[in-house]
There are 2 protein chains.
Amino acid sequence: MNLKTLAQELGLSPTTVSRALNGYPEVSEATRIRVMKAAEAANYRPNTQAKRLATGRAMAIGHIIPISTRHEIVNPVFADFIAGAGEVYARRGYDMVITIVPDDQEARAYAELRSKGNVDGVLVHAPKVEDHRIAMLDHLGLPFVLHGRVSGIESSYSWVDVNNVRAFTRATNFLLDLGHRRIALINGIGNMDFARRRRRGYEQALTARGIAPDPALITEGEMTEAQGHDAAREMLQLSNPPTAFLTASLLSAMGARRGIEEAGLKMGRDISIVTHDDELGYLKNGTAEEPIFTATRSSVREAGRRCAALLIDQIESGDRTPRHELMEAVLVLGQSTGPAPTA
Amino acid sequence: MNLKTLAQELGLSPTTVSRALNGYPEVSEATRIRVMKAAEAANYRPNTQAKRLATGRAMAIGHIIPISTRHEIVNPVFADFIAGAGEVYARRGYDMVITIVPDDQEARAYAELRSKGNVDGVLVHAPKVEDHRIAMLDHLGLPFVLHGRVSGIESSYSWVDVNNVRAFTRATNFLLDLGHRRIALINGIGNMDFARRRRRGYEQALTARGIAPDPALITEGEMTEAQGHDAAREMLQLSNPPTAFLTASLLSAMGARRGIEEAGLKMGRDISIVTHDDELGYLKNGTAEEPIFTATRSSVREAGRRCAALLIDQIESGDRTPRHELMEAVLVLGQSTGPAPTA
DNA sequence: CTGAAAGCGCTAACAA
DNA sequence: TTGTTAGCGCTTTCAG
């Protein structure tokens, strides 16, 4: 069933039917209703491709996922972001087009998406310090929104990010308030922008209390269980070992926990862990002496929603002045994951 | 840059240029080369929407992800599948369109995808026992491939699946060979087809050795850390507790490990764990007395590739006779994750 | 081997 | 308020 035949059945022109269906004002209420009913009855749906060609709008948003670095796709957090963004796309009639590319071909992927007219805009994931993609997208003229920020870049662009500095300042302060003075940081890959900011928050909190950050207590890398385990084992063998760990992910925290137990120490008695990730409800129901965490997964989903909404707004309004949203992480202590963080 | 202007610049008709670019035989090698060069120089890419409209092919594959049940999107394994499928799509020129829907609207989502002509086929995830989606897609006439199978359905369809029965039979036998007689199963949600099959494999192995499966040693549910922990705690309080755990996911295994330690038992001395999931390299480097696991994540990625390739083949060939691929899980013991499982 | 012309299904000026 | 006409950018007969 297409427009033309539907129009014929109704004894109307395709134009009128189109207008009625798309809510144009200049069509009489009577015919509109008649058309709507007929369309409903015939189970008519406008052909997407034709619509796209005619309007010049792809009604789709692209997400490019580079894969040679495993972090992005393996990170469970990515799925949450997609879920959040997908909710918004569904609501607003957009398709989500995901492209997997070896990361040395990422630039070409954006350019192709652009020149083939596949998408109206893109969402950019996992920005690195001084990420080159910003300049490239600017140059392409393809609307985009970053999930995260890029520290080393002066040009302005739209982004949605969580306040990583503040989250880690608070988490560090929490441990300091408990009396800890030797606090280790198990962080993400150093050139990821979020990791840089988290480290800054941690160091600022220490410095503010007159404690010099100790490089021996900081490790950066892929946020896996093994990372947490190895780091904990190693650090606990120092002559002046940490009494607490602050980790950037739940997996690292689990690993650290294992390392701690292998060293014969007991969680909450000898040592504490704070993690940034609420991922799977692990580490919940603790007391103040036990692990706490800040909410990541729920906020990533919310970030997905906001990125998507922001991008669609920009596309539909044509207004390209950069906009930002900074979300606060929620510190979760001794209870299950709370609602998504507030702005 | 579009076909028309490119043709003008070359002093050729759009037809000829199109033919040259699309590899039609009836164009002279000389002009083909000339056209190719010009296209390259002008950085010309055919407009996707126009191509789609003209050919009637969407050059896109849909993935519908229902979200009210959290399992799918939260499961890290899903990201691996997407990565694998995405590789193939990229190679063969297809877009991957992901739709997130509240799971009570899944049927409508497929119907819309179909009638709007958004995609040429769909990949179906996480089949349940007696999954109704098969009948629906059959009825819609939309080509599809299942990742997994549906036990309770007689109609035939294409699928790619891992041999869950055999994986769990082998894992159970491994524990039996070590001398265990009280083996617990921490399984996925009961109405998921894969969970049903895993259970069957486990029970078959026990029965074959004359051991009656004990319902008190079987638990089914969302495969979280908490599930593993709670199940382990509970089962270890039985008057006749298990000496080994077989879990369907790494997270459950981690949880079980925590539960075991809380109970004052020691891994590898008092108790063993085998898990189906190689997720993050956890539990590796064990001895025979220590945990082993079968490769899931790497095989899921491979499954993604195969599903995508199978679907595209069917779409392009027009041949709708159902095809299947059964992959064997690889038992990984005392070493890091191996290569993807072989067929 | 190349080109002219029609058409994919829709939207959007412009007329009436 | 409705219809006519052109056109989005490509592919694909059908002629030459």
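All chains are named by letter (A, B, ...) in the order of the sequence lines, taking the proteins before the strands, and each is independently numbered beginning at 1.
Taking 4.5 Å as the limit, some side-chain heavy atom of B:Cys307 sits within range of a side-chain heavy atom of B:Phe81. In this structure, A:Val101 and A:Ile64 have side chains that are in contact, with non-hydrogen atoms separated by less than 4.5 Å. In this structure the side chain of B:Asn47 never reaches within 4.5 angstrom of the side chain of B:Asn2, judged on heavy atoms.
The strand DNA chain C forms stems, runs of 3 or more Watson-Crick or G-U wobble pairs with distances below 3.5 Å, at C:1-16 with D:1-16.
Rounded to an integer number of Å, the gap from B:Arg57 CZ to D:dT12 C1' is 16 Å. Rounded to a whole Å, the CD atom of B:Gln8 is 13 Å from the C1' atom of D:dG9. Straight-line distance from the CE atom of B:Met1 to the P atom of D:dC10: 10 Å, rounded to whole Å. Between the CG atom of A:Leu12 and the P atom of D:dT2 there is a distance of 7 Å, rounded to whole Å. Rounded to whole Å, the distance from CD on B:Glu26 to P on D:dT13 is 11 Å.
The side-chain hydrogen bond (donor to acceptor under 3.5 Å, both in side chains) check on A:Glu87 picks up A:Arg301, A:Arg305, with sequence neighbours excluded. Legend: residues meeting side-chain contact (heavy atoms from CB on, under 4.5 Å) with B:Glu112, ordered by chain and number and at least two apart, are A:Arg45, B:Arg108, B:Lys116. B:Ala39 is linked by a side-chain contact (heavy atoms from CB on, under 4.5 Å) to B:Leu6, B:Leu21, B:Tyr44, counting only residues two or more places apart in sequence or in another chain. Listed by chain and number, the residues in a side-chain contact (heavy atoms from CB on, under 4.5 Å) with B:Lys37 are B:Ile33 (sequence neighbours excluded). The side-chain contact (heavy atoms from CB on, under 4.5 Å) check on B:Ala90 picks up nothing, with sequence neighbours excluded.
Residue-to-nucleotide proximity on DNA chain C shows that, of B:Gly11 and A:Pro46, the 5′-proximal contact is made by B:Gly11.
Taking a heavy-atom distance under 4.0 Å as the criterion, the stretch of DNA chain C touched by chain A extends 5' to 3' from C:dG9 to C:dA13.
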Give me, pair by pair, the N or O atoms of the protein and of nucleotides 4-8 of chain D that are less than 3.5 Å apart, along with how far apart they are.
from	atom 1	to	atom 2	distance (Å)
D:dT4	O4	A:Thr15	OG1	2.9
D:dC8	O2	A:Ala54	N	3.4

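In this structure, B:Arg52 pairs ionically with B:Asp95, as a charged nitrogen and a carboxylate oxygen lie closer than 4.0 Å.
Screening residues 88-114 of chain B for ring-ring contact (aromatic ring centres under 6.0 Å, His included), with sequence neighbours left out, gives B:His63-B:Tyr89. Residue pairs satisfying the salt bridge (Lys or Arg N to Asp or Glu O under 4.0 Å) criterion with at least one member in residues 3-29 of chain B, sequence neighbours excluded, are listed as follows: B:Glu29-B:Arg32.
The side chain of B:Ser18 contributes no N or O atom lying less than 4.0 Å from OP1 or OP2 of D:dC10.
Aromatic ring pairs are classed by plane angle as parallel below 30°, tilted from 30° to 60° and perpendicular above 60°; the pair A:His324 and A:Trp159 is parallel.
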Below 3.5 Å, can you tabulate the donor-acceptor pairs from side chains in residues 135-150 of chain B to any protein atom, sequence neighbours excluded?
from	atom 1	to	atom 2	distance (Å)
B:Arg149	NE	B:Asp161	OD2	3.0
B:Arg149	NH2	B:Asp161	OD2	3.3

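Remark: A:Tyr44 in residues 32-45 of chain A come within less than 4.0 Å of DNA chain C through at least one heavy atom.
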